[in-house]
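Mind having a look at this structure? Questions to follow.
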Amino acid sequence: MSDFFKSEVVREELKEINELQYSIYENGFSFDKMDREERVEHIENLSTLLELQRIMYTRLSLSDDPDAKKMKSELEKSVQMLGFPPGTDIQVLFTGMTQTIESLKLKIDY
């Protein structure tokens, strides 16, 4: 394991990201069936996940660690798998996700 991924802060953040992703994926398909309180919690989880992902991407971008650089590159390639053209800045994805979260908030009168 590289020094970057040995960091307790990084490991804890990655753990939290994974837990949030699992929870969101597990509940995401039933959003329309959720009551208002469940929807608010789901949206808050989405917001938290997005913020943690932005922080992790920034950490990866600032690191000289080879494994961190590799992970950053893989994340950038994954943007293409979501349908964005090659070379799309991942910040475009983050912006789109922020807009989606904001539209969900409007949908439930947040």
- Item | M34 vs E41 side-chain heavy atoms within contact, under 4.5 Å | no
- Check: K69 main-chain N/O paired with S73 side-chain donor or acceptor under 3.5 Å: no
- Message: Going by the rule side-chain hydrogen bond (donor to acceptor under 3.5 Å, both in side chains), which residues pair with D35 if we only count those two or more places apart in sequence or in a different chain?
- Response: none
- Kindly compute the distance separating CD (Q21) from CG (L52), expressed to the nearest 0.5 Å. 10.0 Å
- Does Y22 have any ring-ring contact (aromatic ring centres under 6.0 Å, His included) partners at least two apart in sequence or in another chain, and if so, which? none
- Message: I'd like to know if I55 and F5 are part of one continuous hydrophobic network [Ile/Leu/Val/Met/Phe/Trp/Tyr, side-chain heavy atoms within less than 4.5 Å].
- Response: no
- By salt bridge (Lys or Arg N to Asp or Glu O under 4.0 Å) - contacts of E102 (at least two apart): K105
- Non-neighbouring partners of E51 that pass side-chain hydrogen bond (donor to acceptor under 3.5 Å, both in side chains), sequence neighbours left out: none
- Message: Set out, in order, the CA-CA distance, both residues' side-chain angles and the distance that settles side chain to side chain contact (heavy atoms under 4.5 Å, CB included) for Q53 and M97, then state yes or no.
- Response: CA-CA 11 Å; Q53 289 174 329; M97 292 168 73; 3.6 Å; yes
- Note: F4 and D65 closest approach over all heavy atoms is N-OD2, 3.4 Å
- Taking atom CG of L46 and atom CZ of R39, what is their separation to the nearest 0.5 Å? 13.0 Å
- Here the ring-ring contact (aromatic ring centres under 6.0 Å, His included) pairs for residues 30-53, sequence neighbours left out, are F31-H42
- L50, L82: one ILVMFWY side-chain cluster at the under-4.5 Å cut-off? yes
- Query: Under the 4.5 Å side-chain heavy-atom rule for ILVMFWY, direct or indirect, which residues accompany Y25?
  - Reply: F29
- Pairwise distance CD1(I24) to CG(L49) - rounded to 0.5 angstrom: 4.5 Å
- Task: For atom CD of E37, decide whether the heavy atoms of other residues, nucleotides or ligands shown that lie under 6.0 angstrom number more than 12.
- Result: no
- Message: For E8, give me all partners under salt bridge (Lys or Arg N to Asp or Glu O under 4.0 Å), at least two apart in sequence or on another chain.
- Response: R11
- Which heavy atom of L60 sits nearest a heavy atom of A68, and at what distance? CD2-O, 3.5 Å
- Residues in salt bridge (Lys or Arg N to Asp or Glu O under 4.0 Å) contact with R54, at least two apart in sequence or another chain: none
- Those residues that, when tested against E13, pass salt bridge (Lys or Arg N to Asp or Glu O under 4.0 Å) (two or more places apart): R59
- Note on the structure: Value for CG (L104) from CD1 (I43), rounded to nearest 0.5 Å, stands at 5.0 Å
- Is N27 close to E38 at the side-chain level, that is, under 4.5 Å between some pair of heavy atoms? no
- So, D32 and K107, do they make that salt bridge, N to O below 4.0 Å? yes
- Message: Do L14 and M71 make a side-chain contact, defined as non-hydrogen atoms from C-beta onward lying under 4.5 Å apart?
- Response: yes
- Query: Does any N or O in the side chain of S23 come within less than 3.5 Å of the main-chain N or O of E19, such that one atom is a donor and the other an acceptor?
  - Reply: no
- Task: Taking ring-ring contact (aromatic ring centres under 6.0 Å, His included) as the test, write out the residues that go with F84, two or more places apart.
- Result: none
- Separation between OG1 of T98 and CG of L93, rounded to the nearest 0.5 Å: 9.0 Å
- Message: Could you work out, with side-chain hydrogen bond (donor to acceptor under 3.5 Å, both in side chains) as the rule, every residue matching D67, not counting sequence neighbours?
- Response: S2
- Query: Going only through I, L, V, M, F, W and Y residues with side-chain contacts under 4.5 Å, is there a path from F94 to L62?
  - Reply: no
- Selection residues 78-96 - residue pairs positive for side chain to side chain donor-acceptor pair (under 3.5 Å), sequence neighbours left out: none
